[in-house]
Amino acid sequence: MGKGVSLQHLNHNEFSMKKIVTLDEFIINSQTTYSDSTGQLTRLLRDLGIAAKIINREVNLAGLVNIIGVANVENQSGDEVKKLDIFANERMMECLTMSGEVCGIASEELEDFVKVPKIPGKDSNYVVIIDPLDGSSNIDVNVSVGTIFSIFRRKSPATGECDINDFLQKGSELVAAGYVLYGTSTILVYTTGEGVNGFTLDPSIGEFCLSHPNIKIPERGNYYSVNQGYYLKFDLEMRRYIDHCSDLNLGLRYIGSMVSDIHRIMFHGGIFLYPSTRKYPKGKLRLLYECAPISMIVEQAGGASMDCNLKRILDLSPGSLHERCTVVMGRPAMVKEMKEFIEKYSAPK
Ligand code: P6P
């Protein structure tokens with residue numbers, strides 16, 4: 001009595017909980033791998049985590065607090081804006097402008113990028129690109145939606161305001177990319193170029209906790225994900241590839257929310273495609289807000305991502321903020337197969 005005992009002699013059952021690694025702790029511990037060890041990116045990633053928690057709370061309450069439904073406006077992409085889109089955008093902007101790390105923000109909900117006022121004496125070295133609530137047409141019917149974010153290091157001088165060229169960078173220049181999936185549970189998945197990690201929100205402690213370390217897309221993949229409703233409007237190569245997937249007895253899984261469809265691929269493999277359609281000849285999905293960040297995550301998890309012109313998505317140079325592109329991403333073997341169908345069946349450009 002009174003001499004104390006060493007930890008390992010304590011009854012194991014008293015320590016049955018495994019070590020919880022929160023998102024904040026993980027980010028801080030990973031800080032040493034960032035090219036800048038000043039903690040600026042750390043603070044920025046943590047602010048994104050806070051925004052995700054706030055949006056999660058409202059997404060879960062949306063049906064109760066009357067912020068579902070349409071806001072009777074259209075966004076820059078011509079999509080019908082939901083009340084929750086506006087709410088999510090406002091919360092993201094608030095959380096991102098507090099840190100002083102960000103000199104500019106481009107949101108899928110806004111026509112132009114926003115210049116963030118400089119905090120005296122503080123250099124803000126990053127711009128952030130957000131799709132605050134992707135797939136929000138699903139929110140009214142309680143289907144999963146997501147937030148997509150990505151971070152570039154600014155190219156303009158730190159002393160001045162940001163400019164458009166800070167945003168129009170190739171995906172290969174991204175410093176970080178991530179998504180939040182508001183589903184059966186809320187999970188934040190991100191990469192800084194050192195692999196992909198997933199953090200599940202534990203509402204009982206209000207923290208994102210490491211739940212899926214070092215995510216790798218499985219070699220196998222029994223699903224393909226495309227809006228087959230457009231089958232008759234697809235180009236020949238796409239129709240032939242869909243027929244091929246059917247011949248292989250692959251399952252069709254398509255939620256209509258990119259984050260949800262990609263998250264399934266991260267764990268079950270398969271392929272996601274949004275090719276050219278009559279309504280969207282250049283593809284529907286936005287290069288900067290959706291395809292580039294998701295492609296960084298997919299590639300970091302061992303996958304591949306190209307457009308239907310066989311160009312690597314991360315090598316595409318955006319010409320404008322809301323530029324659209326076609327996309328084929330997922331298991332490398334399946335992306336390669338689609339590449340072969342395009343080479344074989346696509347009409348000469
Ligand atoms: P469609 C949601 O509106 C979105 O931008 C993506 O999240 C999703 O993958 C796609 O559009 C769904 O488009 O034409 O199949 O309804």
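Both counts, for ligands and for their atoms, begin at 1 and track the order of listing. Note: hydrogens, waters and symmetry copies are ignored here, and every other heavy atom, side chains too, is used.
Considering only heavy atoms from C-beta on, I297 stays 4.5 Å or farther from Q300 through its side chain. Two residues are said to be in side-chain contact when any heavy atoms from C-beta on lie closer than 4.5 Å; Y190 and L23 meet this criterion. D307 places none of its side-chain heavy atoms less than 4.5 Å from the side chain of V327.
Residue-level proximity to ligand 1 for R286 is carried by the side chain, the only part with a heavy atom below 4.0 angstrom. Under 4.0 Å from ligand 1, not a single heavy atom of V259 appears.
On a distance-only criterion, S257 and ligand 1 share no N/O pair closer than 3.5 Å. At a 3.5 angstrom cut-off on N or O pairs, E290 counts as close to ligand 1.
Close contacts of ligand 1 with Y230, meaning ligand atoms under 4.0 Å from a residue heavy atom, involve 1 (P), 14 (O). Interface of N227 with ligand 1, defined as ligand atoms under 4.0 Å from a residue heavy atom, comprises 1 (P), 15 (O).
Of the listed residues (R154, R153, K118), just one forms a salt bridge (Lys or Arg N to Asp or Glu O under 4.0 Å) with D123, and that residue is K118.
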Give the C-alpha distance, both sets of side-chain angles, the deciding distance and a yes or no for salt bridge (Lys or Arg N to Asp or Glu O under 4.0 Å) between E340 and K336. CA-CA 6 Å; E340 289 161 2; K336 181 174 178 291; 2.9 Å; yes

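Compare M258, R324, K284 by their heavy atoms: the one nearest to atom 3 (O) of ligand 1 is in K284. Summarising the contacts of atom 8 (C) of ligand 1 with G256, G229, S260, the nearest heavy atom is found in G256.
Taking the centre and axis of the six-membered ring of F267, the NZ or CZ atom of R264 falls outside the cone set by 45° and 6.0 Å.
Aromatic ring centroids of F208 and F199 lie 6.0 Å or more apart.
Ligand 1 lies out of reach of Y280, whose nearest heavy atom is not under 4.0 Å from it.
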